[in-house]
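We're numbering straight along the sequence, starting at 1. Only this structure's heavy atoms are used, side chains among them; waters, hydrogens and symmetry mates stay out. Bear in mind that the values here come from a model prediction, so they are computed numbers and not experimental data.
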Amino acid sequence: MPSQKIETGHQDTVHDVAMDYYGKRLATASSDNSIKIVGVSNSTSQHLATLSGHQGPVWQVAWAHPKFGSLLASCSYDGRVILWKESNQNEWSQAHVFDDHKSSVNSIAWAPHELGLCLACGSSDGNISVFTARSDGGWDTSRIDQAHPSWCYFRFMGTINGSWDVAWAPNLGLPKSTIASASQDGRVIVWTVTKEGDQWDGKVLKDFLTPVWRVSWSLTGNILAVADGKNYVTLWKEEVDGEWQQVTKVEP
């Protein structure tokens, strides 16, 4: 497949890019405080929309599963998470604004769609928040306070000042949800909850003694990849006794 250069139209650094479920559109996040939606097909691209509303650099964007409509989440240095909804084609509006965090929100991740419309957010205030849509259109909020006492970055089961990553593990039909979080504090923590409303229980996978930038689950959810500040990538697997064991290490 030939490479394709896309002019985003941003006036500053692009921090993140996310392709939608069908591979037809890109969303980009930038230090110019905006989000761009770009249509892509074969060797062409077309600017479709600019989303403005954040008051600081936008770190990440994440598309929700299309079963929930055309919905995009963004997080920013301004401490807010904005949900953007497309009503008519290329006409976007702010469907909801979460302002629970008091510092930069550095990472966001949607839960597997089987769990419903659920978004995890990691912030420089050290907390993880999980927002769950209700049938009446409102949102329930649960928090993991001081998940990482300083800086957090997660992906559901980046280098930003005070970065986090969070990763939500794929749904395997088990009666629990799993999130991995990573931080500049050097730790990777695996969080689990059995049912909605319960407290999230965290288990430290390892203290890497260096900032950890990224965590990513395999499609089957049983392997976690970790990228750390020493340029190593390690793969981890949970054993039957609940302990996590390193199975592979990729040298820089």
Between [X] and [Y], what is the shortest heavy-atom contact and its length?
X      : Y      : value
Lys249 : Tyr232 : CE-CD2, 3.3 Å
His54  : Ser74  : NE2-OG, 2.7 Å
Gly229 : Trp213 : CA-NE1, 3.6 Å

**OP:** Give a yes-or-no answer on whether the side chains of Lys176 and Thr194 include a donor-acceptor pair shorter than 3.5 Å.
**Re:**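 Looking only at side-chain atoms, Thr194 and Lys176 do not form any donor-acceptor pair under 3.5 Å.
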Charged N to carboxylate O under 4.0 angstrom, [X] versus [Y]?
X      : Y      : result
Glu239 : Lys237 : no
Arg80  : Asp78  : yes
Glu86  : Arg25  : yes

Flag side-chain contact, heavy atom, 4.5 Å: [X] against [Y]:
X      : Y      : value
Leu72  : Ile35  : yes
Ile189 : Ile144 : no
Lys85  : Trp92  : no
His101 : Asn127 : yes
Leu119 : Leu83  : yes
Leu117 : Phe131 : no
Val40  : Ile6   : yes
Leu224 : Val188 : yes

Original post:
Between His65 and Phe68, how do the two ring planes meet: parallel, tilted or perpendicular, split at 30° and 60°?
Top reply: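 Rings of His65 and Phe68: perpendicular, as their planes differ by over 60°.
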Original post:
What class does the angle between the rings of Tyr77 and Trp59 fall in, given that below 30° is parallel, 30 to 60° is tilted and above 60° is perpendicular?
Top reply: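 Rings of Tyr77 and Trp59: perpendicular, as their planes differ by over 60°.
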Quick check against the 3.5 Å criterion: does [X] have a side-chain atom that pairs as donor or acceptor with the backbone of [Y]?
X      : Y      : value
Asp20  : Gly23  : yes
Asn42  : Thr44  : no
Ser76  : Pro57  : yes
Ser103 : Ser124 : no
Gln60  : Val58  : no
His47  : Ala49  : yes
Trp110 : Ala62  : yes
Trp63  : Ala18  : yes
Ser123 : Gly126 : no

Original post:
Just checking, Lys206 and Phe208: is the charged tip under 6.0 Å from the six-membered ring centre and within 45° of the axis?
Top reply: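 Lys206 over Phe208 ring: yes.
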Is [X] linked to [Y] within one hydrophobic cluster, defined over Ile, Leu, Val, Met, Phe, Trp and Tyr using a side-chain heavy-atom separation of less than 4.5 Å?
X      : Y      : result
Trp139 : Ile82  : no
Val14  : Val61  : no
Met19  : Val17  : yes
Val233 : Val215 : no
Leu205 : Trp217 : yes

Original post:
Can Val130 and Trp200 be said to form a side-chain contact (heavy atoms from CB on, under 4.5 Å), step by step?
Top reply: CA-CA 10 Å; Val130 179; Trp200 288 85; 4.2 Å; yes
Original post:
Is it true that atom CD of Gln94 has more than 12 heavy atoms of other residues, nucleotides or ligands lying nearer than 6.0 Å?
Top reply: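 Enclosed: over 12 neighbouring heavy atoms sit under 6.0 Å from CD of Gln94.
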Subject >> Crowding at NZ, Lys24 (>12 non-hydrogen neighbours, <6.0 Å) >> reply: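 Not buried by this count: 12 neighbours or fewer within 6.0 Å.
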With rounding to the nearest 0.5 Å, note down the distance linking [atom1] in [X] to [atom2] in [Y].
X      : Y      : atom1 : atom2 : value
Thr141 : Phe98  : OG1   : CZ    : 6.5 Å
Asn106 : Cys75  : CG    : SG    : 7.0 Å
Asn90  : Leu48  : CG    : CG    : 4.5 Å
Ile179 : Trp191 : CD1   : CH2   : 9.5 Å
Leu51  : Ser34  : CG    : OG    : 8.0 Å
Leu26  : Lys36  : CG    : NZ    : 14.0 Å

Original post:
Step by step, would you call His15 with Ser30 a side chain to side chain donor-acceptor pair (under 3.5 Å)?
Top reply: CA-CA 5 Å; His15 296 288; Ser30 170; over 6 Å; no
**OP:** Decide yes or no on side-chain contact (heavy atoms from CB on, under 4.5 Å) for Val190 and Trp244, but give the supporting numbers first.
**Re:** CA-CA 10 Å; Val190 178; Trp244 288 85; 3.9 Å; yes
**OP:** Begin with the C-alpha distance, continue with both residues' side-chain angles, and end with the deciding distance and a verdict on side-chain contact (heavy atoms from CB on, under 4.5 Å) for Val38 and Gln46.
**Re:** CA-CA 6 Å; Val38 180; Gln46 178 186 13; 5.9 Å; no
Original post:
Run the salt bridge (Lys or Arg N to Asp or Glu O under 4.0 Å) check on Asp185 and Arg187 step by step: do they pass?
Top reply: CA-CA 6 Å; Asp185 70 7; Arg187 296 182 302 156; 3.4 Å; yes
Subject >> Pair listing, salt bridge (charged side-chain N to carboxylate O under 4.0 Å, His left out) test, anchored in residues 99-120, at least two apart >> reply: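 Applying salt bridge (charged side-chain N to carboxylate O under 4.0 Å, His left out) to every pair that reaches into residues 99-120, excluding sequence neighbours, yields nothing.
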